[in-house]
Amino acid sequence: MAKGLGVLPTDYDGDGDVDFLVANDSVPNFLWRNLGGGRFEDAALEAGVALNTHPRSEACIGIDGGDVDGDGHIDYFMTNYAEETDTLYRGEGDGFFFDGTYKAGLVEATYKPLGFGTRLFDYDLDGDLDIYVTRGHIVQLIAELQPGKGLSYEQPDQLLENDGRGRFKDISARSGAWFSKRFVGRGAAFGDYDNDGDIDVYIVNLSQKGVLLRNNTIESGRGGWVGLALRGGGPCNRDAYGSRVELTAAGRTRVAEVRSAASYLVANDPRVVFGLAAAPVAGLQARVRWADGLVEVFENLETGRYQDLQRGKGRAAR
């Protein structure tokens with residue numbers, strides 16, 4: 001028996017098919033390895049994502065995946081209950097992970113609050129993935145029931161900035177008036193609603209109005225970017241879900257998976273956005289492994305705009 005809350009489609013072992021990582025509440029997480037032919041097996045324990053470092057199960061809720069330290073391996077982030085840290089599982093390659101929460105500096109910032117919706121995304125377009133978390137307890141009288149602990153029903157959301165090496169700092173206090181307010185946060189959907197290149201957030205709060213947070217990174221002139229919209233066809237699904245993108249710029253390669261499912265009970269903008277910092281970049285190249293296994297290279301990508309990558313229109317690669 002399990003209580004799954006967050007589900008992430010992901011190719012955790014790099015074998016070209018889609019597996020499913022499930023964030024479970026108070027029991028070990030599942031990692032359903034795709035065996036082909038519609039068959040799956042749970043590989044969470046051997047992969048290192050079933051439990052935390054202690055090792056214990058946690059009350060996991062929200063979930064996302066991305067390469068937070070730039071080593072080419074997908075890492076996984078899960079939000080958890082109050083008085084449990086959120087958890088970052090760092091990818092080591094070959095389908096193995098370790099609990100990197102302490103190393104990432106996430107313990108102090110995430111221990112007290114309760115997290116729901118979340119995303120690994122480059123909010124400031126500086127080239128690394130940051131973390132957003134919606135916060136709010138599930139027990140309305142938690143402050144009265146557990147006095148002196150600093151727990152509350154309504155809580156401020158958090159924005160955690162990546163230092164470029166996979167360590168995070170809570171910068172909520174200097175990131176806008178929104179973060180000084182308290183709500184009972186639940187869902188968080190991420191996407192570039194105004195098509196300016198930076199990722200915006202729509203927040204769903206319990207028994208309150210939804211809130212659209214507009215990201216002003218581009219407006220402030222701080223970030224360069226390239227946006228990719230993958231278009232499948234033939235044996236690949238229309239939206240190219242399950243495909244993997246590797247972007248090479250200025251001698252550095254970054255990876256992303258194409259999906260809309262992540263966070264908590266939402267669908268996100270499936271377009272892939274890579275931040276390039278402020279410097280202009282020429283000779284951008286994307287290597288796409290489509291969901292059906294075809295690998296193509298798309299060259300001379302333009303910065304500062306979205307461009308469609310159509311399956312079958314790139315240069316064939318191994």
Side-chain angles (χ1 to χ4, degrees), residues 3-8 10 21-31 44 48-69 74-91 97-123 128-139 142 149-152 154-163 165-173 175 179 182-188 190 201 203 262-266 268:
K3 297 171 283 184
L5 293 177
V7 180
L8 188 75
T10 179
L21 179 59
V22 181
N24 283 328
D25 181 3
S26 304
V27 297
N29 299 315
F30 292 148
L31 177 55
V49 296
L51 307 167
N52 66 13
T53 193
H54 293 298
R56 291 196 297 266
S57 59
E58 298 172 293
C60 303
I61 303 172
I63 189 172
D64 198 14
D67 182 8
V68 303
D69 50 6
I74 299 294
D75 312 297
Y76 300 116
F77 180 76
M78 297 185 187
T79 60
N80 294 318
Y81 200 73
E83 298 185 292
E84 292 180 341
T85 67
D86 295 340
T87 304
L88 178 65
Y89 294 103
R90 300 286 278 266
F97 300 81
F98 70 95
D99 183 347
T101 306
Y102 287 84
K103 185 177 179 181
L106 290 168
V107 174
E108 182 177 353
T110 68
Y111 179 72
K112 279 283 182 72
L114 195 158
F116 274 84
T118 190
R119 192 72 192 269
L120 300 173
F121 75 119
D122 189 358
Y123 92 93
D128 52 45
L129 298 180
D130 313 292
I131 302 173
Y132 191 101
V133 184
T134 59
R135 300 292 188 186
H137 214 283
I138 63 171
V139 179
I142 189 63
K149 283 194 169 186
L151 303 177
S152 61
E154 296 180 331
Q155 301 174 7
D157 288 355
Q158 281 185 308
L159 181 61
L160 305 165
E161 184 177 42
N162 192 332
D163 68 356
R165 299 182 299 275
R167 287 187 58 85
F168 294 86
K169 180 180 180 181
D170 187 351
I171 60 165
S172 308
S175 298
F179 296 97
R182 292 174 174 266
F183 294 90
V184 185
R186 294 297 185 255
F190 296 77
V201 191
I203 310 296
S263 188
Y264 173 73
L265 296 181
V266 302
N268 301 290

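For the numbers below, each heavy atom of this structure counts, side chains included, while hydrogens, waters and symmetry mates do not. All figures in this text were calculated on a predicted structure; none of them were measured in a lab.
Looking at Asp64, its side chain never comes within 3.5 Å of a backbone N or O of Phe77 through a donor-acceptor pair. Of the possible donor and acceptor atoms, none in the side chain of Asp170 sits under 3.5 Å from a partner among the backbone N and O of Ala109. Panel note: side chain Thr110, backbone Thr85; no donor-acceptor pair is recorded below 3.5 Å. Looking at Lys3, its side chain never comes within 3.5 Å of a backbone N or O of Ala59 through a donor-acceptor pair. Checking side-chain atoms of Asp163 against main-chain N and O of Lys169 turns up no donor-acceptor pair under 3.5 Å. Of the possible polar contacts, none joining the Arg186 side chain to the Gly117 backbone as a donor-acceptor pair under 3.5 Å is found. Put simply, the side chain of Arg135 never gets that close to the backbone of Arg182: no donor and acceptor are under 3.5 Å apart. Asn80 places no side-chain N or O within 3.5 Å of a backbone atom of Glu58 that could act as its donor or acceptor partner. Between the Thr134 side chain and the Asp157 main chain, no donor and acceptor come within less than 3.5 Å of each other.
If you take CD1 on Ile142 and CG on Leu114, they are separated by 9.5 Å, rounding to the nearest 0.5 Å. Leu160 contributes atom CG, which lies 6.5 Å from atom CG of Leu106 (distance to the nearest 0.5 angstrom). To the nearest 0.5 angstrom, Glu161 atom CD is 7.5 Å from Asp128 atom CG. With rounding to the nearest 0.5 Å, the separation of CG in Asp86 from CG in Leu88 is 10.0 Å. Arg119 CZ to Ser263 OG: the interatomic distance, rounded to the nearest 0.5 Å, is 8.0 Å.
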**Prompt:** Yes or no on side chain to side chain contact (heavy atoms under 4.5 Å, CB included) for Tyr264 and Thr79, after CA distance, side-chain angles and deciding distance?
**Reply:** CA-CA 10 Å; Tyr264 173 73; Thr79 60; over 6 Å; no

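Ring geometry, His54 versus Tyr102: the interplanar angle exceeds 60°, so the pair is classed perpendicular (tilted spans 30 to 60°). Note on ring orientation: taking the six-membered ring where Trp is involved, the planes of Phe190 and Tyr132 are perpendicular (angle over 60°, cut-offs 30° and 60°).
When each of Tyr89, Phe98, Phe97 is tested with Tyr76 by the rule ring-ring contact (aromatic ring centres under 6.0 Å, His included), just one qualifies, namely Phe97. Screening Tyr81, Phe116, Phe183 against His137 for a ring-ring contact (aromatic ring centres under 6.0 Å, His included) leaves a single residue, Tyr81. Here the options are Thr101, Asp69, Asp99, the test is side chain to side chain donor-acceptor pair (under 3.5 Å), and the partner is Arg90; only Asp69 passes.
Salt bridge Glu84/Arg56: absent, no basic N to carboxylate O contact under 4.0 Å.
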